[in-house]
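Counting begins at 1 with the first residue of the sequence. One-based numbering, in listed order, for ligands and for the atoms of each.
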Amino acid sequence: MAWDRDSRSQIWSRLDQKWDLIIIGGGITGAGILREAARLGLRTLLVEAGDYAQGTSSKSSKLVHGGLRYLKNGQVKTTLESVTEREFLLRQGKGLVNRLGFLFVNLKGDRMPAWLFGLGLSAYDMMARQWTHRSYDAMDICELCPPLSTPLLRGGYRYFDAQTDDARLVLRLLQEGVHYGGTALNYARVTHLLRDQQSQVHGVVLRDEASLDRPEMEIQARAVINATGAWADFLRTGESQRPRLRPIRGSHLVLSEKRLPLTRAISLMHPRNGRPVFLIPWEGVILVGTTDVDHTDMQNEPRISALEAEFLLEAVQHVFPESHIESGDIQATFSGLRPVISSGKSDPSKESREHAVWFENGLLTVTGGKLTTFRLMAFQALRELQREFPNLAPLDRSQPVLLPPPTLDGLDAAAALKA
Ligand SMILES: Cc1cc2nc3c(=O)[nH]c(=O)nc-3n(C[C@H](O)[C@H](O)[C@H](O)COP(=O)(O)OP(=O)(O)OC[C@H]3O[C@@H](n4cnc5c(N)ncnc54)[C@H](O)[C@@H]3O)c2cc1C
C-alpha cells in the first residue's frame with residue numbers, strides 16, 4: 001500500500017458510497033477490526049481523528065504478554081487467551097514481535113512470597129506449552145544483571161514474554177487491512193452519528209481535520225463500530241447513555257541506557273504498595289512503568305504527574321541504589337489512557353482489564369482489553385455483526401494473525417537499500 005500525498009484526497013472523493021462497515025478510531029482495536037473485516041470481504045472504512053495510533057496504542061509498555069498479574073486476580077481465561085495470541089504473534093510477526101527475557105527480582109520486604117510468583121510462572125509457561133522460567137539465587141541474579149546492587153536482593157526468576165513497537169503494529173494491521181481491500185483515512189473526525197427515525201445508527205458525519213475548507217460529509221454504512229478507546233463514551237453519551245468508561249492513566253519514565261545498561265527487562269514489586277513495576281530496554285532507552293491513576297481531562301494530551309514520576313523513580317532507586325538515578329536522569333516521559341470499563345471499585349488497579357463489546361441503537365462499541373488481544377476483540381466484534389452480515393465466512397483463529405512481511409525477492413536488494 002502506498003500512502004502518498006494524494007491518497008487522502010482520492011479517498012475523500014470516493015467516500016460517498018454505502019459502506020458495509022465504518023470503524024471509528026485508528027488505534028490497535030480499530031486497525032485489528034479493519035484487517036479482519038476487509039479480509040472477510042466487507043467494504044470497510046476506518047476513520048481516525050488524528051495520526052494513526054496517536055491515542056493509547058503508541059503509549060503502552062510495548063509488551064505482547066499474557067498478563068501475569070491477571071493470573072493473580074483469577075482471570076485464568078484472559079491470561080490463557082493472551083498467551084495464545086502472544087505465541088501466534090511471535091511466530092508470525094517475527095521482527096515486529098520479539099521474545100523478551102525478564103528477571104523478576106525478589107527483595108526483602110516484598111508483599112508477595114517469591115514461591116507464589118514461581119507458581120504463577122509455572123502456570124504461565126504451561127499455558128504456552130513451554131518451560132522457560134527458572135529460579136536463581138541472589139548471586140546468580142547479580143551476575144545476570146550486573147547493575148543490580150541492592151543488599152535487599154533475595155533471588156528471583158527468569159522468564160520470557162514478548163515486545164513490540166506498538167505504533168508500528170497498528171500501522172502493519174492497517175496496511176494489511178488496505179491490502180485486503182479496506183480503506184483507512186486519518187485526520188478525519190466523526191463529529192456526529194447519523195440516525196434513522198427509530199434512532200438506529202446508520203452512518204457518521206465526518207470532518208476533515210487537515211482541511212477546514214472541506215465541508216462536513218455524511219457517510220452511510222450498514223454497521224458502525226465505535227473503537228475510540230478511552231474516548232468511547234463521547235460518541236455514546238451523545239445519545240444520552242450513561243458513561244461506562246473509567247479512563248485510567250498509566251505513565252512511563254524514559255531513562256538513558258547508558259545510565260542503566262540493562263540487557264533484559266526487570267520486574268519487581270513496588271516497595272510502597274506491591275504494585276508491579278517494569279524496567280524495559282527498548283530502542284536504546286529504558287522504559288520504567290507504570291502507574292494507575294484516574295484521569296478526567298480528556299481534551300488534552302495526558303501527562304505524568306509529579307507524584308507518578310516520584311513513585312516510578314522510587315522503584316528504580318530501590319533496586320539500583322548504586323546507580324544513583326535521580327530526576328535529572330529522566331530523558332522523557334509519556335502517558336496513555338487505559339480504556340477500562342468501570343465497575344465502581346475504589347482502587348483503579350482493581351478494575352478488570354478485560355475488553356467489552358456492546359450494542360446500543362445500532363452502534364457497536366468495542367473497548368477495553370490490551371494491545372496483545374486485538375484479534376480476539378476483532379473476532380468478537382464481527383461475531384456481534386453476524387446478524388447484519390449473515391454470509392460472513394467463519395472467524396478462524398488458525399488463519400495467520402499477520403501476513404509475512406514483503407521480501408526483497410525479485411528486487412535489486414542493493415538498490416532498494418540505497419534508495
Ligand atoms: C500505560 C499503558 C501501558 C500499557 N501496556 C500494554 C502492554 O504492554 N501490552 C498490552 O497488550 N497492552 C497494554 N496496554 C493496553 C493497550 O495499550 C490499550 O488497551 C490499547 O492500546 C487501546 O487501543 P484502542 O485502539 O482501543 O484505543 P486508542 O489507541 O486510544 O485508539 C482510539 C483512537 O480513536 C481516535 N478517536 C477518538 N475519537 C474519535 C472520533 N470522534 N473520530 C475519529 N477518531 C477518534 C483517537 O484519536 C485514537 O487514536 C497499556 C495501556 C496503558 C495505558
Side-chain angles (χ1 to χ4, degrees), residues 22-34 45-67 69-70 78 82 85-86 89 97 100 161-167 169-170 173-174 184-193 204-207 209 224-236 238 245 247-252 265 276 278 280 282 287-293 295 298-299 301-302 304 308 312 333-341 348 353-356 365-374 376-378 381:
I22 293 176
I23 301 161
I24 313 167
I28 193 83
T29 307
I33 301 171
L34 176 74
L45 168 69
L46 176 145
V47 288
E48 162 55 51
D51 281 326
Y52 298 123
Q54 70 168 8
T56 310
S57 299
S58 54
K59 289 145 189 164
S60 77
S61 303
K62 305 30 154 137
L63 299 177
V64 170
H65 64 153
R69 77 185 174 119
Y70 307 128
T78 312
S82 310
E85 286 303 299
R86 180 194 70 189
L89 281 160
V97 181
L100 176 69
D161 246 319
Q163 184 177 44
T164 189
D165 178 324
D166 44 9
L169 182 59
V170 172
L173 292 172
L174 290 171
L185 181 64
N186 59 0
Y187 287 86
R189 178 180 298 278
V190 170
T191 56
H192 298 94
L193 299 172
V204 301
V205 179
L206 208 58
R207 183 169 73 209
E209 297 280 25
V224 178
I225 292 184
N226 172 13
T228 54
W231 294 267
D233 274 340
F234 285 85
L235 288 170
R236 291 182 54 246
L245 282 153
I248 295 179
R249 187 174 69 241
S251 299
H252 289 87
F278 298 105
I280 304 168
W282 190 75
L287 309 181
V288 185
T290 169
T291 52
D292 257 347
V293 188
H295 185 90
M298 299 301 286
Q299 303 307 328
E301 189 67 15
I304 194 169
E308 288 171 272
L312 293 173
T333 64
F334 62 94
S335 303
L337 299 179
R338 293 189 178 83
V340 170
I341 315 295
R353 302 299 151 91
E354 283 185 43
H355 66 263
T365 296
V366 185
T367 190
K370 304 194 286 167
L371 204 68
T372 311
T373 49
F374 67 84
L376 297 177
M377 293 172 76

*Asks:* Would you check if V190 and V205 make a side-chain contact, meaning some heavy-atom pair closer than 4.5 Å?
*Replies:* no

*Asks:* Just which atoms of ligand 1 are under 4.0 Å from any heavy atom in G55?
*Replies:* 29 (O), 30 (O), 49 (O)

*Asks:* Please indicate whether any nitrogen or oxygen in S61 is less than 3.5 Å from any nitrogen or oxygen in ligand 1.
*Replies:* yes

*Asks:* Considering only non-hydrogen protein atoms, determine which one is nearest to atom 18 (C) of ligand 1 and report residue, atom name and distance to 0.1 Å.
*Replies:* T56 CG2, 4.0 Å

*Asks:* Does at least one non-hydrogen atom of A188 fall below 4.0 angstrom from an atom of ligand 1?
*Replies:* yes

*Asks:* Between T365 and R236, is any pair of side-chain heavy atoms under 4.5 Å apart?
*Replies:* yes

*Asks:* Does any N or O in the side chain of N186 come within less than 3.5 Å of the main-chain N or O of D51, such that one atom is a donor and the other an acceptor?
*Replies:* no

*Asks:* Is the contact between A53 and ligand 1 made by the side chain, the backbone, both, or neither, using heavy atoms and a 4.0 Å cut-off?
*Replies:* neither

*Asks:* Could you tell me which atoms of ligand 1, counted from 1 in the order shown, lie closer than 4.0 angstrom to a heavy atom of Q54?
*Replies:* 47 (O), 49 (O)

*Asks:* Please identify which of these residues, L245, N226, I24, L337, meets the side-chain contact (heavy atoms from CB on, under 4.5 Å) condition with W231.
*Replies:* L337

*Asks:* Starting from atom 44 (N) of ligand 1, which protein heavy atom do you reach first, and at what distance in Å?
*Replies:* A49 N, 3.1 Å

*Asks:* Thinking salt bridges, do D292 and R338 make one under a 4.0 Å N-O criterion?
*Replies:* yes

*Asks:* Do the side chain of S58 and the main chain of A53 share a donor and acceptor less than 3.5 angstrom apart?
*Replies:* yes

*Asks:* For side-chain contact (heavy atoms from CB on, under 4.5 Å), just list the numbers for T29 and T367, CA-CA rounded to whole Å, side-chain angles, deciding distance to a tenth of an Å, and then say yes or no.
*Replies:* CA-CA 7 Å; T29 307; T367 190; over 6 Å; no

*Asks:* Please determine if G30 has a nitrogen or oxygen closer than 3.5 Å to a nitrogen or oxygen of ligand 1.
*Replies:* no

*Asks:* Taking the non-hydrogen atoms of G50, is any one of them nearer than 4.0 angstrom to ligand 1?
*Replies:* no

*Asks:* Heavy atom under 4.0 Å from ligand 1: found in L63's side chain, backbone, both, or neither?
*Replies:* both

*Asks:* Can you tell if the side chain of S61 reaches within under 4.5 Å of the side chain of H252, non-hydrogen atoms only?
*Replies:* yes

*Asks:* Among all protein non-hydrogen atoms, which one is nearest to atom 35 (C) of ligand 1, and what is the separation to 0.1 Å?
*Replies:* E48 OE1, 3.3 Å

*Asks:* Output the list of atoms in ligand 1 that are nearer than 4.0 Å to some heavy atom of H252, sorted by atom number.
*Replies:* 1 (C)

*Asks:* Quick test: of every protein heavy atom, which one is nearest to atom 12 (N) of ligand 1, and how far off is it to 0.1 Å?
*Replies:* L371 N, 3.2 Å

*Asks:* Relative to atom 6 (C) of ligand 1, which among S58, G289, S60, S82 owns the nearest non-hydrogen atom?
*Replies:* S60

*Asks:* Are T372 and L63 side-chain neighbours, meaning at least one heavy-atom pair lies under 4.5 Å?
*Replies:* no

*Asks:* Is the cationic atom of K62 (NZ for Lys, CZ for Arg) positioned less than 6.0 Å from the six-membered ring centroid of F334 and within 45 degrees of its normal?
*Replies:* yes

*Asks:* Check L100 against A265 and note the closest heavy-atom contact, atom names and distance.
*Replies:* CD2-CB, 4.0 Å

*Asks:* Output the list of atoms in ligand 1 that are nearer than 4.0 Å to some heavy atom of G250, sorted by atom number.
*Replies:* 1 (C)

*Asks:* Considering H192, K62, R338, which one's heavy-atom position lies nearest to atom 53 (C) of ligand 1?
*Replies:* R338

*Asks:* Below 3.5 angstrom, do we get any N/O pair linking I24 and ligand 1?
*Replies:* no

*Asks:* With a 4.5 Å cut-off on side-chain heavy atoms, are L185 and L46 touching?
*Replies:* no

*Asks:* Does any N or O of ligand 1 fall below 3.5 Å from an N or O anywhere on R189, backbone included?
*Replies:* no

*Asks:* Quick check: does T29 get an N/O under 3.5 Å from an N/O on ligand 1?
*Replies:* yes

*Asks:* Polar contacts were defined as any N/O atom of the residue lying under 3.5 Å from an N/O atom of the ligand; does this apply to S57 and ligand 1?
*Replies:* yes

*Asks:* Examine G369 against ligand 1 and note whether any of their N/O atoms are separated by less than 3.5 Å.
*Replies:* yes

*Asks:* Does the pair E48/R189 count as a salt bridge with the N-to-O cut at 4.0 Å?
*Replies:* no

*Asks:* Under a 4.0 Å heavy-atom limit, does K59 contact ligand 1 with its side chain, its backbone, both, or neither?
*Replies:* backbone

*Asks:* Considering only heavy atoms of W231, which atoms of ligand 1 have at least one such atom less than 4.0 Å away?
*Replies:* 30 (O)

*Asks:* So do the side chains of P247 and M298 get within less than 4.5 Å of each other, counting heavy atoms only?
*Replies:* yes

*Asks:* P339 versus ligand 1: do any nitrogen or oxygen atoms come within less than 3.5 Å of each other?
*Replies:* no

*Asks:* With heavy-atom distances below 4.5 Å as the criterion, would you say the side chains of I28 and L169 are in contact?
*Replies:* yes

*Asks:* Please report which non-hydrogen protein atom sits nearest to atom 36 (N) of ligand 1, along with the residue it belongs to and the distance in Å to one decimal place.
*Replies:* T228 CG2, 3.7 Å

*Asks:* Under 4.0 Å from a heavy atom of T290: which atoms of ligand 1 are those, numbered in the order shown and with their elements?
*Replies:* 1 (C)

*Asks:* Less than 3.5 Å between some nitrogen or oxygen of T372 and one of ligand 1, yes or no?
*Replies:* yes

*Asks:* Any ion pair linking K370 and E354 (charged N to carboxylate O, less than 4.0 Å)?
*Replies:* no

*Asks:* Run the contact test for T367 against ligand 1 with a 4.0 Å cut-off on heavy atoms, strictly below, and give the result.
*Replies:* no

*Asks:* So is V190 polar-close to ligand 1, meaning N/O to N/O under 3.5 Å?
*Replies:* yes

